[in-house]
Visitor: 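Quick one: structure below, then a few questions.
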Amino acid sequence: MGTVTIGVSIAVPEPHGSLLQQLRAGFGDAAAHGIPTHVTLLPPTEVDGSELPAIETHLTEVAAAGRPFPMKLAGTGTFRPLSPVVFVQVVEGAEACTWLQKQVRDASGPVARELQFPYHPHVTVAHGIDEEAMDRAYDELADFAAEWPCTGFALYEQGADGVWRKLREYTFGGAVVPPQASAPVQQGTTA
């Protein structure tokens, strides 16, 4: 089957996902339309395509052990000068994201890997563009806020065209959604 590039992430739901994707494109990030708005759990990882069934089984087990949790995004941050990235911050749900990504990358699983940088859950809104555009993204999204109940994650594959496509969704195994996670989705705002 050959090598494929996969990733695992939590999708930012509508209308927030499309809004942030459009803004990212507007800042001049050419990759924006090929990358659904997300919080990464497993960064782009090359695997042999024949390993996908084992990876899907592993992710099913990770999801079964997970429980729904509230996610909240608010304000901006940056990894500059270390990495040319501006992001929207995860201000609630970061601990759960950290736990999930550790489970996904567990040494006993099929996608065990080390990270280039320490894990920091975030939503990228500008990457590798000129400094002025990065500053604009940082400033314009400083007042952005969104929240929703996170009930699972998804496996994605990057196509030869550079576009990331969802292969499968994984719903958490918790039968009970915590009250704070069942709040209605709040409308995002921008400055």
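These numbers were taken from a predicted model, which means no experiment stands behind them. Because only heavy atoms are used, hydrogens play no part in the values below, and waters and symmetry mates are left out as well, while side chains stay in.
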Visitor: For Q89 and T76, indicate whether the former's side chain and the latter's backbone hold a donor-acceptor pair under 3.5 Å.
Guide: yes
Visitor: So F153 and L59, side chain to side chain contact (heavy atoms under 4.5 Å, CB included) or not? Walk me through it.
Guide: CA-CA 9 Å; F153 56 85; L59 295 176; 4.1 Å; yes
Visitor: Yes or no on side chain to side chain contact (heavy atoms under 4.5 Å, CB included) for W148 and V12, after CA distance, side-chain angles and deciding distance?
Guide: CA-CA 9 Å; W148 69 93; V12 175; 4.0 Å; yes
Visitor: Between P36 and G34, which heavy-atom pair has the shortest distance, and what is it?
Guide: CD-O, 3.8 Å
Visitor: Minimum heavy-atom separation for G26 to R136, with atom names?
Guide: O-NH2, 3.2 Å
Visitor: Taking the side chain as every heavy atom from C-beta outward, state whether H127 and P84 have any atom pair closer than 4.5 Å.
Guide: yes
Visitor: Taking a hydrophobic cluster as the set of Ile, Leu, Val, Met, Phe, Trp and Tyr residues connected by side-chain heavy atoms closer than 4.5 Å, whether directly or through intermediates, do F27 and V85 fall within one such cluster?
Guide: no
Visitor: Given D135 and R80, is the salt bridge (Lys or Arg N to Asp or Glu O under 4.0 Å) satisfied, shown in steps?
Guide: CA-CA 11 Å; D135 292 341; R80 295 182 293 173; 2.9 Å; yes
Visitor: Which distance, rounded to the nearest 0.5 Å, do you find between the OH of Y156 and the CG of L41?
Guide: 10.0 Å
Visitor: Return the minimal non-hydrogen interatomic distance between P44 and W164, and the atom names on each side.
Guide: CG-CZ2, 3.7 Å
Visitor: Mind telling me whether F79 and F87 have parallel, tilted or perpendicular rings, with 30° and 60° as the class edges?
Guide: tilted
Visitor: Can you hop from V62 to V47 via hydrophobic side chains spaced under 4.5 Å?
Guide: yes
Visitor: Restricting to side-chain hydrogen bond (donor to acceptor under 3.5 Å, both in side chains), what partner residues turn up for T45, sequence neighbours left out?
Guide: R113
Visitor: Take L100 and F69 through the side chain to side chain contact (heavy atoms under 4.5 Å, CB included) test and state the conclusion after the steps.
Guide: CA-CA 11 Å; L100 280 169; F69 59 92; 3.9 Å; yes
Visitor: Using a 4.5 Å cut-off on heavy atoms from C-beta on, say whether the side chain of L20 contacts that of L141.
Guide: yes
Visitor: Is V86 reachable from I35 through a run of I, L, V, M, F, W or Y residues, each pair having side-chain heavy atoms under 4.5 Å apart?
Guide: no
Visitor: State whether the side chain of H58 and the backbone N or O of R105 hold a donor-acceptor pair below 3.5 Å, judged by distance alone.
Guide: no
Visitor: What verdict does the side chain to side chain contact (heavy atoms under 4.5 Å, CB included) test give for Q101 and Y119, after you've listed the backbone C-alpha separation in whole Å, the side-chain angles of each residue and the deciding distance to 0.1 Å?
Guide: CA-CA 8 Å; Q101 65 88 28; Y119 183 73; 3.5 Å; yes
Visitor: What's the spacing between R24 CZ and I129 CD1 if we round to 0.5 Å?
Guide: 8.5 Å
Visitor: For E92 and P70, which heavy atoms make the closest approach, and how far apart are they?
Guide: OE2-CG, 3.3 Å
Visitor: Is it the case that T124 and H122 place a side-chain donor and acceptor less than 3.5 Å from each other?
Guide: yes
Visitor: Distance from Y170 atom OH to E61 atom CD, nearest 0.5 Å?
Guide: 11.0 Å
Visitor: Rounded to the nearest 0.5 Å, what separates atom CG in L167 from atom CG in L155?
Guide: 4.5 Å
Visitor: Where the side chain of E14 meets the backbone of S18, is there a donor-acceptor pair that is under 3.5 Å apart?
Guide: yes
Visitor: Which heavy atom of P121 sits nearest a heavy atom of A94, and at what distance?
Guide: CG-CB, 3.7 Å
Visitor: Hey, is CD on Q116 packed in by over 12 heavy atoms from elsewhere, all under 6.0 Å?
Guide: no
Visitor: Nearest 0.5 Å please: distance from the NE2 atom of H38 over to the CD1 atom of I10.
Guide: 10.5 Å
Visitor: Under a 4.5 Å cut-off applied to non-hydrogen side-chain atoms, are V90 and M71 in contact?
Guide: yes
Visitor: For M134 and A126, work out which heavy atoms get closest and say how close.
Guide: SD-CB, 3.8 Å
Visitor: Same hydrophobic cluster for V111 and L115, using side-chain heavy-atom links shorter than 4.5 Å among ILVMFWY?
Guide: yes
Visitor: Quickly, which of L23, V125, V88 forms a side chain to side chain contact (heavy atoms under 4.5 Å, CB included) with F144? Name it, please.
Guide: V88
Visitor: Is it possible for you to say whether I6 and V39 belong to one hydrophobic cluster, with membership spreading through side-chain heavy-atom contacts below 4.5 Å?
Guide: yes
Visitor: Within this structure, what is the CG-CD distance for the pair D29 and Q21, rounded to the nearest 0.5 Å?
Guide: 10.0 Å
Visitor: Is there a donor-acceptor contact under 3.5 Å from the side chain of S9 to the main chain of T40?
Guide: no
